[in-house]
Asker: 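Okay, handing you the structure first.
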There are 2 protein chains.
Amino acid sequence: MSHQESLTSYIAAFVSELYKNGVEDVVVSPGSRSTPMAMIIHEHPELRVHIHVDERSAAFFALGIAKATKRPVAILCTSGTAAANYFPAIVEAKIARVPLLVLTADRPHELRDVGAPQAIDQIHLYGNHVKWFVEMAPPEKSEEMIRYARTVCARAASTALSSPAGPVHLNFPFREPLIPQLDRADLFEMNERSKGYVKIQAGELALNVEQYKEMAESMHAYKRGIIVCGAIETDGFAEAVTSLAKKLGFPILADPLSQLRSGKHDGSHIIDTYDTFLKNEEAKKFLKPNLIIRFGALPVSKPLTIFLKENHDVRQFVVDGGGGWRDPGMISSEMIYCHETHLCESIEVFVEQVNDSSFFEKWDEINQLTRKSLAEINELAVLSEGKLFYQLADQLPEGATLFVGNSMPIRDLDTFFHFNDKSIRIMANRGANGIDGTISTALGAGTCLQPLYLVLGDLTFFHDLNGLIAAKQYGIDIHILLINNNGGGIFSFLPQASHPKNFESLFGTPLDLEFEHAVKMYGGQYELISDWDHFSKVLAGENSGLTVMEIKTNRNRNIAEHRERWDAVSREISRLLEEKH
Amino acid sequence: MSHQESLTSYIAAFVSELYKNGVEDVVVSPGSRSTPMAMIIHEHPELRVHIHVDERSAAFFALGIAKATKRPVAILCTSGTAAANYFPAIVEAKIARVPLLVLTADRPHELRDVGAPQAIDQIHLYGNHVKWFVEMAPPEKSEEMIRYARTVCARAASTALSSPAGPVHLNFPFREPLIPQLDRADLFEMNERSKGYVKIQAGELALNVEQYKEMAESMHAYKRGIIVCGAIETDGFAEAVTSLAKKLGFPILADPLSQLRSGKHDGSHIIDTYDTFLKNEEAKKFLKPNLIIRFGALPVSKPLTIFLKENHDVRQFVVDGGGGWRDPGMISSEMIYCHETHLCESIEVFVEQVNDSSFFEKWDEINQLTRKSLAEINELAVLSEGKLFYQLADQLPEGATLFVGNSMPIRDLDTFFHFNDKSIRIMANRGANGIDGTISTALGAGTCLQPLYLVLGDLTFFHDLNGLIAAKQYGIDIHILLINNNGGGIFSFLPQASHPKNFESLFGTPLDLEFEHAVKMYGGQYELISDWDHFSKVLAGENSGLTVMEIKTNRNRNIAEHRERWDAVSREISRLLEEKH
């Protein structure tokens, strides 16, 4: 049997199994060592192949597709530093729980650690930032090894997808010659178990009925419970948690990434302005809970984090279907490892509708007041970062996806994007909160979620400028709202800002770039937004492809605007609470 | 003692020691968690701080400074994926043996693996791709811990620098508040051992006199020895090896990165066209050696690699002062771990001038013939990738640095850049041979090496486009020769090219970008080279800052030109050797 026949059969078996195990998209970065895998993947009639020269952006692009589809997405690159460029997206995928299959080509064993070109140590290259690592056996065509290739593929896809989802790394040693036999008609036909070699049914974490019942009783016993929802994408969760909250009479503090701020679910118990009103000490006393139930990742809001920590004396349930430990404040009193939707639905069976809604009404009253006061940002005539998010909640079309950059945009979204009943999916890279790879992740999501809007700052835009090539190459429609305050706006909100001596050089870091040039290079339409009418007009425009709307703002004015709004809200809350006493 | 006082004293002790241990440059990427280190480094009166927003480019920029200066360069970033972006440059630094001090800020212990923002597992983040990893103790001001900070710094710098040089990773856990006390006059004054805490004298590998004598005798015994020099930057090596070769009558096959192709050393025994003539079977027989002595990394040339492997029956010395194993062909018969310059000088003492130079003359004759034939590429009127390197050898000014991209440029340089007595330093990222980070590495080198020329292809240019920001921000003078053949030119030389079905999409990967836009965004001067006169004029121009000369070529014509030249040389060699018999 020839080397090429072995190579072809082994890799074709693996690739065939990829599709049978739910992989539909593969992001390939060009290279030589990866040739057998690239060519065979390209031959597969169903797999969608996306080519991306910059591996860093490629991996984030795959991350975006996987986040959007909740299916494992494969990435493939050649040996050497190419694979090292995947690292940032892999780290993000691990923490954000996104299923990725990382396929790296490698030199065969005899060319490792002997000074051969493009050979680096790829064994456990990503350390414990992947869920599973396999050094694949060299290609062979025996029945045994075909079963091996197929089984490992099925396990890898299942491992990537099972809760908590995450990246899996398979390293393939390939010997020359690297060209597979593509003229075989039966390339992907598997004689044995043609529908897939092994079907894996991975259950979700669940408690037993007694435990649900006990929890329901506990919740009833406390009249002043609050539910806090951080980033979570569990199917059916929005309906389940809002229904439970209503029955219990508990407010839901809904993070922008909880998918609770927009949608067709019941919004009556959603609290969406806590980031502002929990800055007020009197409000915090007025709203003190005696039970806290948390779902999802840590919320974006720092005032909320502080509020939770200040209530360390209160019983706190932390629910995590992924079995993690999401409690930096060390304030959880009970860790509940259970599928979140399942938990809400199972508890609700044992919960009766409460009569006394006075605690919820307190939260609702403060929330209404804050919403109203924050809405005054709309009166600003100048282009303002805060008003932008208010306008987005208003103007985005039904079914839109809004991808938000880290640093300031996600925080402004938290402050100014309030509940609405449009089905707007809000996405961000909040695993490790990096500013890297944002454009690519959004564009990856854009291959299946449309219409797509991306709001990000200039440093974030710059960091992943290369990512724009995907918009050009694949004609992905995207509206990018580039908030250009020429530097790191978030640092103006931190203590560093009071050290003017080295602030601009170390933290402000203005880039002084005219991004219009880059947009033109990538064949996009560029609009320098002049005023709010212009903003609305371009936002509503039927542009296809890449549209970049640049909104130039001022870091100093921005912080003044924010402080002014927050202070106004705080004064109104204090006045209201004074009246009550 | 306050937290801030501890933080300040501990970090100032560390930073003070950085400078005392030879670090002069620090590349800082902005972030919050790294604030104490960034602010204190910025305060240091002698350290040069370079700010770079994109950590991937930042690390390569530091790599370039370290390659150019042979001093350890520190890089600093915040916690999270920022640190993961350093990975490609770290992998390159490890294999290319470049001293880097990687300083990452981290969350303190209580905020790890508990879902805190921007917290990833940074312990051994880069695996065995660094020479040493230290999880630093949390800041403390006791005498003991100040000594600790100073000692670790000295060890880290020494470890990074000692042969084989490489990257070292120190991870610093920082608790809030993060602002140090900068108003202290004595920030960097160390009471104890003010000139540096511990001086480390790291010896180089050396054999004993008997061993040198034996080697000299061995070399004398073989009349048909060849010396092969790959990438090597050891001080004094060019003089030492050329002097030894002359005495032994051995030809030196000098890789472009051996620093032997240009310079004031004796060029009489330098063979510089072997990449072309070792494609000819008759030449290989005619030139068969009975002893091979190798220095430095593996040569770029594939024909040379094959030639070495075909001579597996011949005694082969592989000399490595870094004690590595550089022998992918498994053909070395003796591994000699000894400082290369020292070895040459020590052996030469025991070597007498040979009388019979007939073996060297054979190599010289074929080399002269090949040089002459390759020079005919100069007759091409069209813009050609090969001729470009011929022209560079001719036109680059004395003392220039030529940085070369991987993939085709380094190979074309190997073929067409012949010996000259200008002191031209040739640089490339040949550790892992990646196309990533090339612009940044060159610009880093450009902070101390001028005038600077960078030749690279369009995919390599694209991969590190963000790196250009350093040219703009720091006004670094650089001539970039961008060879744009719209895609991956090297693949046309590989077997993949005979599979037209998916060649363009998987390997050709045209980007169709007008790079002029990017050059403008970074404030550079752009020139689309129209012909050779235009090329010479712009190359000789006194432009300051960034100048990009784009040379549009054609991948198919390029391979035809190469093959035509190689075939012509081969015919001439065959004719010559026929005449001899």
Side-chain angles (χ1 to χ4, degrees), chain A residues 28 30 32 35 38-39 42 51 53-54 56 80-82 84-85 87-88 91-92 95 111 113-118 120-121 124-125 127-128 177 179 297-298 324-328 432-434 436 459 462-463 465-466 469 488 494-496 499 502 505-507 509 511 513-514 517-518 520-521, chain B residues 28 30 32 35 38-39 42 51 53-54 56 80-82 84-85 87-88 91-92 95 111 113-118 120-121 124-125 127-128 177 179 297-298 324-328 432-434 436 459 462-463 465-466 469 488 494-496 499 502 505-507 509 511 513-514 517-518 520-521:
Chain A
V28 176
S32 179
T35 294
M39 283 185 142
H42 198 271
I51 305 288
V53 168
D54 182 340
R56 180 173 68 175
T81 52
N85 279 276
F87 202 22
V91 169
E92 174 64 19
I95 307 184
L111 291 181
D113 199 15
V114 289
Q118 271 185 282
I120 72 170
D121 184 356
H124 286 291
L125 184 64
N128 49 16
I179 310 287
L298 266 288
W325 195 274
R326 290 164 153 178
D327 183 31
N433 303 356
D436 45 346
L459 295 188
F462 166 74
H463 210 290
L465 214 43
N466 272 8
I469 190 112
L494 299 179
Q496 287 87 327
H499 293 262
N502 49 24
S505 60
L506 285 179
F507 304 102
T509 61
L511 296 176
L513 293 178
E514 293 293 337
H517 296 294
K520 282 195 175 153
M521 183 171 77
Chain B
V28 176
S32 180
T35 294
M39 283 184 142
H42 198 271
I51 305 287
V53 168
D54 181 340
R56 179 172 69 175
T81 52
N85 279 276
F87 202 22
V91 169
E92 174 64 19
I95 308 183
L111 291 181
D113 199 16
V114 289
Q118 272 184 283
I120 72 170
D121 184 355
H124 287 290
L125 184 65
N128 48 17
I179 310 286
L298 265 289
W325 195 274
R326 288 164 153 178
D327 182 31
N433 304 356
D436 45 346
L459 295 188
F462 167 74
H463 209 291
L465 214 43
N466 271 9
I469 190 114
L494 299 178
Q496 286 88 328
H499 292 262
N502 49 26
S505 60
L506 284 179
F507 302 103
T509 59
L511 296 176
L513 292 179
E514 292 293 337
H517 296 295
K520 282 196 176 153
M521 183 170 78

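Letters A, B, ... mirror the listed sequences (proteins, then strands); counts begin at 1. All values below come from the heavy atoms of this structure, side chains included, with hydrogens, waters and symmetry mates left out.
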Asker: Who wins among B:Leu111, B:Asp436, B:Leu125 for the most heavy-atom pairs under 4.5 Å with chain A?
Answerer: B:Asp436

Asker: Return the minimal non-hydrogen interatomic distance between A:Ala432 and B:Ile120, and the atom names on each side.
Answerer: CB-CG2, 3.7 Å

Asker: Checking B:Asp121 against chain A: side chain, backbone, both or neither under 4.5 Å from a heavy atom?
Answerer: both

Asker: Nearest heavy-atom pair of B:Pro30 and A:Leu506: which atoms, and what distance?
Answerer: CB-O, 3.4 Å

Asker: Does some side-chain heavy atom of B:Leu511 sit less than 4.5 Å from a side-chain heavy atom of A:Val53?
Answerer: yes

Asker: Tell me, side chain or backbone of B:Ala297 under 4.5 Å from chain A's heavy atoms, or both, or neither?
Answerer: neither

Asker: Looking at B:Asn128, I want to see if its CG is surrounded by more than 12 non-hydrogen atoms of other residues, nucleotides or ligands under 6.0 Å.
Answerer: yes

Asker: A:Ile179: what forms a side chain to side chain contact (heavy atoms under 4.5 Å, CB included) with it, not counting sequence neighbours?
Answerer: A:Gln4, A:Thr35, A:Met39, B:Pro495, B:Gln496, B:His499

Asker: Let's test your reading of the structure: which of A:Gly115, A:Pro328, A:Ala518 forms the most heavy-atom pairs below 4.5 Å with chain B?
Answerer: A:Pro328

Asker: Among all residues two or more places apart in sequence or in another chain, which pass the ring pair (Phe, Tyr, Trp, His ring centres under 6.0 Å) test with B:His124?
Answerer: B:Phe133

Asker: Please flag which part of B:Ile95 lies under 4.5 Å from any non-hydrogen atom of chain A: side chain, backbone, both or neither.
Answerer: side chain

Asker: When heavy-atom pairs shorter than 4.5 Å are enumerated against chain A, which of B:Gly127, B:Ala38, B:Ser32, B:Gly80 gives the highest number?
Answerer: B:Ser32

Asker: Please report the interatomic distance CG(A:Leu465) to CG(B:Leu465), rounded to the nearest 0.5 Å.
Answerer: 7.0 Å

Asker: Please identify, among A:Val28, A:Leu459, A:Asn433, the residue contributing the most non-hydrogen atom pairs under 4.5 Å to chain B.
Answerer: A:Asn433

Asker: Please lay out, stage by stage, how A:Asp54 and B:Phe462 fare under the test side-chain contact (heavy atoms from CB on, under 4.5 Å).
Answerer: CA-CA 8 Å; A:Asp54 182 340; B:Phe462 167 74; 4.1 Å; yes

Asker: With chain A as the partner, which of B:Leu513, B:Val114, B:Leu494 has the greatest number of non-hydrogen pairs under 4.5 Å?
Answerer: B:Val114

Asker: Between A:Ile51, A:Asp327, A:Asn85, A:Leu298, which shows the greatest number of heavy-atom pairs under 4.5 Å with chain B?
Answerer: A:Asn85

Asker: With a 4.5 angstrom heavy-atom cut-off, is it the side chain or the backbone of B:His42 that approaches chain A, or both, or neither?
Answerer: side chain

Asker: Quick one: does A:Asn466's side chain have a donor or acceptor within less than 3.5 Å of a partner on B:His463's backbone?
Answerer: yes

Asker: Give the member of B:Ala82, B:Ser505, B:Gly434 that has the highest number of heavy-atom pairs under 4.5 Å with chain A.
Answerer: B:Ser505

Asker: State, to 0.1 Å, how close A:Thr81 and B:Pro88 come at their nearest heavy-atom pair, and which atoms those are.
Answerer: CG2-O, 3.6 Å

